[in-house]
Participant: 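Before I ask anything, here is the structure I am working with.
Atom set for the values below is all heavy atoms of this structure, side chains included, hydrogens, waters and symmetry mates excluded. This is a predicted model, so every value here is computed, not measured.
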Amino acid sequence: MSDTTKNESASKAPSHIAYQVRDREGKKGIWTRVGSVWPHTDGKGFNIQLEAVPLDGRITLRVATEKKD
C-alpha cells in the first residue's frame, strides 16, 4: 500500500466495519469488531485494517453507520 493510499484511508471514515462472527447452536452469534474497511479511489477494491485476527468463526463486513453497534 502506498503512502498516498494510507493517508487517504486515514483521513476518511471507513465505509465498512469488519466483525468476527462466531455462531452458537440455538443462540445468536457473537459479533466482535475486529477492523475497518476503506474503498480504493478507483472503486475496484478495498483496504482492510484489522486490529485483531480471528482464529475461528468468520469475518463479516458491514456498511458503517453512525448508530452505536
Participant: At what distance, to the nearest 0.5 angstrom, does OH of Tyr19 lie from OG1 of Thr32?
Facilitator: 10.0 Å
Participant: Just verifying a value: how many Å separate Asp56 CG and Gln20 CD, rounded to the nearest 0.5 Å?
Facilitator: 5.5 Å
Participant: Quick one: CD1 on Ile30 to CZ on Arg22, what's the gap to the nearest 0.5 Å?
Facilitator: 4.5 Å
Participant: Between Val21 and Val34, is there shared hydrophobic-cluster membership here, with clusters defined by ILVMFWY side-chain heavy atoms closer than 4.5 Å?
Facilitator: no
Participant: Is there a side-chain contact (heavy atoms from CB on, under 4.5 Å) between Ile48 and His16? Walk through the geometry before answering.
Facilitator: CA-CA 9 Å; Ile48 301 173; His16 292 74; over 6 Å; no
Participant: Can Arg62 and Thr65 be said to form a side-chain hydrogen bond (donor to acceptor under 3.5 Å, both in side chains), step by step?
Facilitator: CA-CA 9 Å; Arg62 300 285 296 173; Thr65 62; over 6 Å; no
Participant: Grab the two heavy atoms, one from Phe46 and one from Ser15, that are nearest each other, plus how far apart they are.
Facilitator: CE2-OG, 4.3 Å
Participant: If you take all heavy atoms of Ile17 and Gly35, which pair is closest and at what distance?
Facilitator: CG2-O, 3.6 Å
Participant: For Ser36 and Glu51, which heavy atoms make the closest approach, and how far apart are they?
Facilitator: OG-OE2, 4.3 Å
